[in-house]
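Some notes on the structure that comes next.
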Amino acid sequence: MDLSIDRDSEQEARDCTPATLSSSSMALPVVEPKSMDYEEWQVQVRSLCGRYSPQGVNPMTFAGSIRPVRVWGCAAVLTSCNVLRVERTSCDARFDGKEHYYAMLYLGGRWTVSQNDRVEQLEAGDIGLMDSTRPVTYIVESRPGRWLSVHLPRRSVIAHLGFEPEGGLCRRGQTPATRLFFQLIQDAVDECGPTCASAQPYMQLAIYDLLGALFAIPHLPSISSRTDKLFKQICNIVRDRFADPDLSPSQVATEAGISLRYLQQLFSVRNSSYTRFIHSVRLDHAAGLLHRRALLNTGQPISQIAYVSGFCDYTHFARQFRRRFGHSPGAHGRDLTF
């Protein structure tokens with residue numbers, strides 16, 4: 001680990017105080033934790049977040065703090081420090097076995113973040129989605145750095161969104177969804193008392209829905225040709241009408257203005273089929289509804305969920321669901337805890 005003294009370390013140590021942090025433009029309404037020494041901070045990071053290696057600061061001039069908080073029933077960690085670089089390697093991910101996505105709200109400093117071959121430059125007000133199962137590097141360009149990470153189990157995220165988002169995605173603070181997400185988190189940190197307990201399951205759903213709005217990406221390759229554009233149009237028709245159990249490939253082909261044979265070819269060259277694709281869309285939708293059913297304990301009949309997801313035969317639905325997710329529809333979401 002590089003522990004060389006940065007020429008600005010002493011000033012950063014003075015700047016990275018609770019009073020300064022709480023005056024940030026992106027400050028959250030929390031009582032700042034006490035400043036820690038380097039060893040204590042590193043131990044707490046590994047305890048709360050996993051194996052991460054801070055670099056580029058002398059322990060004698062280190063200043064930082066870390067504190068666990070709750071955000072609408074979800075675990076979260078408020079962190080600050082004046083380190084230059086924080087890294088998580090593939091060995092770290094294998095060693096601690098963390099299975100989370102981290103919704104990272106950047107509150108202070110300027111950052112360069114790298115994960116999954118993406119390199120993003122971020123500042124206060126931006127949001128990132130990081131995958132704990134993949135290596136990641138944070139470089140703090142302007143210190144001190146301050147951020148809040150909301151810890152969301154991977155299985156819960158995937159079950160609710162209906163797809164597996166890639167880590168390393170980032171969104172700027174100017175978008176409506178980003179501002180809503182910040183406000184939702186800001187209102188919850190240390191401000192949500194026992195009277196809010198009944199609202200927590202619904203607010204957790206709002207967190208997941210906003211993550212979907214922020215980080216949903218097309219499952220299709222980038223649009224670079226006429227056939228790709230046409231294929232995207234076909235997939236959008238299916239996504240718009242998947243709840244119709246009678247939607248046939250012939251109807252989709254007619255609406256897209258092509259022949260049935262050409263539609264089948266468009267799926268075939270992508271190693272897929274119309275049936276496989278529409279089943280995937282319907283099962284993803286059903287999984288999201290089942291996750292909501294388990295979280296809110298609504299008791300909604302599973303047969304009704306199957307029907308509104310486009311399945312007219314429950315036995316067929318249950319068979320396809322078990323094949324896709326490895327368990328029955330009734331068991332989906334039972335062990336998805338926050």
State, to 0.1 Å, how close [X] and [Y] come at their nearest heavy-atom pair, and which atoms those are.
X    : Y    : answer
F317 : P329 : CE2-CG, 3.6 Å
V83  : P54  : CG1-CB, 4.0 Å
Y202 : L296 : CE2-CD1, 3.7 Å

Looking at Y138, does the NZ or CZ of R85 lie under 6.0 angstrom from its six-membered ring centre and within 45 degrees of the ring axis?
-> no
Between F242 and R282, is there a cation-pi geometry (under 6.0 Å to ring centre, at most 45° from the normal)?
-> no
Check: [X] side chain, [Y] main-chain N or O, donor-acceptor pair, under 3.5 Å:
X    : Y    : value
R270 : L266 : yes
D92  : T89  : yes
T254 : S250 : yes
R88  : S132 : yes
E123 : W111 : no
Y101 : P165 : yes

Results of side-chain hydrogen bond (donor to acceptor under 3.5 Å, both in side chains) for S303 - residues two or more places apart only | none
Side chain to side chain contact (heavy atoms under 4.5 Å, CB included) with L78: which of I66, L105, L107, V71?
-> L107
Can I get a per-line list of side-chain donor-acceptor pairs under 3.5 Å for residues 174-183, giving both atom names and the distance, sequence neighbours left out?
| residue | atom | partner | partner atom | Å |
| --- | --- | --- | --- | --- |
| T175 | OG1 | T178 | N | 3.1 |
| T175 | OG1 | T178 | OG1 | 2.5 |
| T178 | OG1 | R172 | O | 2.9 |
| R179 | NH1 | Q174 | O | 2.4 |
| Q183 | NE2 | D187 | OD1 | 2.8 |
| Q183 | NE2 | D187 | OD2 | 3.3 |

Shared hydrophobic cluster, Y314 / V308 (ILVMFWY, side-chain heavy atoms < 4.5 Å) | yes
Honestly curious: do I139 and W41 fall in one hydrophobic cluster under the side-chain, below-4.5 Å linking rule?
-> no
Parallel, tilted or perpendicular: which fits the ring planes of [X] and [Y], with parallel below 30° and perpendicular above 60°?
X    : Y    : result
H332 : F321 : perpendicular
Y208 : H291 : perpendicular
H151 : H100 : perpendicular

Side-chain H-bond candidate by donor/acceptor type, S114 with T137, under 3.5 Å = no
Do T61 and N58 get their side chains close enough for a donor-acceptor pair, meaning under 3.5 Å?
-> no
Does the gap between the ring centers of F267 and F231 come in under 6.0 Å?
-> yes
